[in-house]
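For reference, positions follow the sequence shown, starting with 1. Note that ligands are numbered from 1 as they come in the structure, with each ligand's atoms numbered from 1 the same way.
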Amino acid sequence: MKVTIYGSGYVGLVTGACLAQVGNDVLCVDIDPRKIDMLNRGESPIFEPGLSEMLVANQAAGRLNFTLDPAAGVAHGLFQFIAVGTPPDEDGSADLQHVLAVARAIGEHLDDYRIIVNKSTVPVGTADRVRAQVQAVLEKRGSALEFDVVSNPEFLKEGAAIDDFMRPDRVVIGTDNPRTTELLRALYTPFNRNHERILAMDIRSAELTKYAANSLLATKISFMNELSNIAERLGADIEQVRIGIGSDPRIGYQFIYPGAGYGGSCFPKDVRALEQTALANDYTAELLHAVEAVNFRQKMKLFEKISAHYDGNLKDKTFALWGLAFKPNTDDMREASSRVLMETLWEHGARVRAFDPEAREETARIYGERDDLILCDSPESAIEGADALAVITEWKMFRSPDFDVIRANLKSPVIFDGRNLYDPNFLVKQGFTYYSIGRAPVRP
Ligand SMILES: NC(=O)c1ccc[n+]([C@@H]2O[C@H](COP(=O)([O-])OP(=O)(O)OC[C@H]3O[C@@H](n4cnc5c(N)ncnc54)[C@H](O)[C@@H]3O)[C@@H](O)[C@H]2O)c1
């Protein structure tokens with residue numbers, strides 16, 4: 001089948017690569033010439049495990065192409081996927097300018113029936129707005145061409161995006177036209193071989209499903225972070241509590257890790273956007289508001305522990321930071337907890353020596369050259385001469401480090417762990433002062 005995808009970011013590229021991988025003819029359209037140049041040279045502009053290889057193989061097979069030309073995009077695919085960004089507006093609601101720009105471009109160039117598939121995360125009612133936008137442009141052109149608009153929210157996780165797309169838990173399709181459901185079902189058949197994963201529903205429910213999923217996951221995290229702060233005050237160990245509650249199948253072990261707060265391009269903006277949607281419809285979403293408020297506070301947690309340890313005197317101290325990406329297996333730094341920590345340390349006159357296996361370039365792009373940031377090329381070099389180590393992203397390579405090397409390289413053996421990677425009893429025996437989340441600090 002012929003597929004066009006607008007937006008060559010995390011969602012658009014993964015969707016394009018996976019649809020091409022199963023044999024479709026995919027054309028990806030973006031407005032960023034730098035990205036399109038890179039992609040046409042066979043380079044991926046983002047890091048996502050397995051993506052580069054898949055892009056190169058499908059480009060070589062002629063099934064995956066990239067262009068800046070929306071006219072070529074509209075001419076190409078029966079399916080017109082919109083996978084552009086929907087960043088937060090000033091009040092937290094989703095900014096739909098990119099989605100509506102694509103809708104206008106489709107309206108301008110449409111010359112045959114097309115199915116417009118909204119994959120971006122968009123507020124309830126956006127399919128109607130896209131339809132109205134296309135219709136308005138068509139009317140100006142004096143055209144009565146037919147088209148359909150479908151909601152097909154994406155649930156992939158950065159870091160495991162290819163696997164999630166190839167073996168989805170579910171494929172939500174919101175339509176008001178049974179024929180488009182069948183055409184999309186055919187497109188998704190290769191991903192459905194093990195069992196039927198398509199959940200067909202009305203458009204508004206599909207749009208809300210995406211926000212509901214992300215908001216519930218964010219709620220689980222904020223709940224555990226709230227509990228970790230209570231546990232600290234009560235002398236309880238949140239890790240024991242986590243295991244204690246996770247054993248209940250109604251609760252489950254997934255997504256109940258306490259930590260330094262959630263980041264990324266989805267949870268923070270989607271929780272805020274849903275809260276704004278509720279408000280615009282005369283409902284105050286108290287719980288959603290609290291989820292974000294708890295997360296905002298949690299992102300300061302590690303800094304507060306660091307500051308308390310040094311009695312607020314951080315000027316000219318140097319901190320080694322392990323992990324910059326908002327989570328492991330990605331280079332995405334959007335709303336990453338590391339940014340809050342680094343920026344607050346800098347505000348207090350401290351310096352940072354940071355290491356991340358993938359997010360180094362992105363960090364350099366965001367912060368540029370500055371005297372108080374050294375981007376290191378190994379975890380060992382980050383700790384050289386630092387006053388203490390802070391762990392902020394739980395990359396696997398940080399799980400079992402050589403503590404002798406850490407002790408030998410730090411000015412004093414102090415670790416601030418924002419992801420509870422280490423066993424306090426073990427670390428205290430190794431001679432470390434160790435702070436973690438929701439557990440009492442230990443000192444040798
Ligand atoms: N990143 C995730 O893990 C994830 C998961 C599920 C859903 N989503 C949602 O998917 C959407 C895309 O997210 P992302 O992380 O891939 O974004 P991204 O910022 O990585 O990529 C968006 C791309 O769209 C391009 N673009 C903007 N306007 C365009 C236009 N008019 N025509 C063509 N391209 C245009 C940008 O240049 C950019 O390359 C968002 O709504 C997001 O909430 C993201």
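- The contact set between ligand 1 and G85, taken as ligand atoms under 4.0 Å from a residue heavy atom, comprises 22 (C), 24 (O).
- Among all non-hydrogen protein atoms, the one lying nearest atom 1 (N) of ligand 1 is E158 OE2, 2.7 Å.
- Contact atoms of ligand 1 toward S120: 10 (O), 11 (C), 41 (O) (distance under 4.0 Å to a heavy atom of the residue).
- The shortest contact between atom 16 (O) of ligand 1 and any protein heavy atom is with V11 N, 2.8 Å.
- The ring of F191 has its center closer than 6.0 angstrom to the ring center of F165.
- Of the polar atoms of K157, none of the N or O atoms is found under 3.5 Å from an N or O of ligand 1, judged by distance alone.
- Within the listing of ligand 1, atoms 12 (C) sit less than 4.0 angstrom from a heavy atom of A83.
- F223 CZ: 12 or fewer foreign heavy atoms inside a 6.0 Å radius.
- Here W322 and F398 bring their ring centres to under 6.0 angstrom of each other.
- Figure legend: cation-pi geometry between R170 and F155, with NZ or CZ positioned under 6.0 Å from the six-membered ring centre and within 45° of its axis.
- Between T121 and ligand 1, a contact under 3.5 Å exists for at least one N or O pair.
- The ligand atoms of ligand 1 that sit less than 4.0 angstrom from a heavy atom of T86 are 40 (C), 41 (O), 43 (O).
- Side-chain contact between R419 and Y257 is absent, with no heavy atoms from C-beta onward closer than 4.5 Å.
- Side-chain contact between T4 and V74 is absent, with no heavy atoms from C-beta onward closer than 4.5 Å.
- Under 3.5 Å, the side chains of R63 and N58 contain a donor-acceptor pair of N or O atoms.
- Nearest to atom 37 (O) of ligand 1 by heavy atom, out of T15, D32, D30, L13, is D30.
- Among protein heavy atoms, atom 6 (C) of ligand 1 sits closest to E154 O, 3.1 Å.
- Residue contacts with ligand 1 for E48 are absent, since no atom lies close enough (heavy atoms, distance under 4.0 Å).
- When only non-hydrogen protein atoms are considered, atom 31 (N) of ligand 1 lies nearest to V102 CG2, 3.6 Å.
- Considering only non-hydrogen protein atoms, atom 43 (O) of ligand 1 sits nearest to K269 NZ, 2.5 Å.
- Within the 4.0 Å heavy-atom criterion, the part of K210 lying near ligand 1 is the side chain and not the backbone.
- Here is the list of ligand 1 atoms found below 4.0 Å of a heavy atom in G7: 23 (C), 24 (O), 25 (C), 33 (C), 34 (N).
- The protein non-hydrogen atom at the shortest distance from atom 33 (C) of ligand 1 is V29 O, 3.5 Å.
- For ligand 1, the polar-atom distance check finds no N/O of D270 at less than 3.5 Å from any of the ligand's N/O atoms.
- In terms of protein heavy-atom proximity, atom 30 (C) of ligand 1 is closest to I31 CG2, 3.6 Å.
- Within the cation-pi definition used here (under 6.0 Å to the ring centroid, within 45° of the axis), R179 qualifies as a partner of Y113.
- By the criterion of a heavy-atom distance under 4.0 Å, the side chain of S265, and not its backbone, is placed next to ligand 1.
- For the pair I116 and V150, the minimum side-chain heavy-atom distance is 4.5 Å or more.
- Taking all atoms of both residues into account, the shortest heavy-atom contact from G85 to H98 is O-CD2, 3.6 Å.
- If you number the atoms of ligand 1 from 1 as listed, the ones under 4.0 Å from a heavy atom of K35 come out as 38 (C), 39 (O).
- The closest side-chain heavy-atom distance from T363 to S338 is not below 4.5 Å.
- Ranking the protein heavy atoms by distance from atom 11 (C) of ligand 1 puts V84 O, 3.3 Å first.
- The backbone N or O of L341 sits nowhere less than 3.5 Å from a side-chain atom of K299 that would complete a donor-acceptor pair.
- Under 4.0 Å from ligand 1, not a single heavy atom of A161 appears.
- Ring geometry for F319 against F416 counts as perpendicular: the plane angle is over 60°, on a 0 to 90° scale with 30° as the lower cut.
- The shortest N or O to N or O distance between K119 and ligand 1 is not below 3.5 Å.
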Applying salt bridge (Lys or Arg N to Asp or Glu O under 4.0 Å), run through D163 and R167 and close with a yes or a no.
CA-CA 6 Å; D163 207 44; R167 270 181 289 272; 2.5 Å; yes
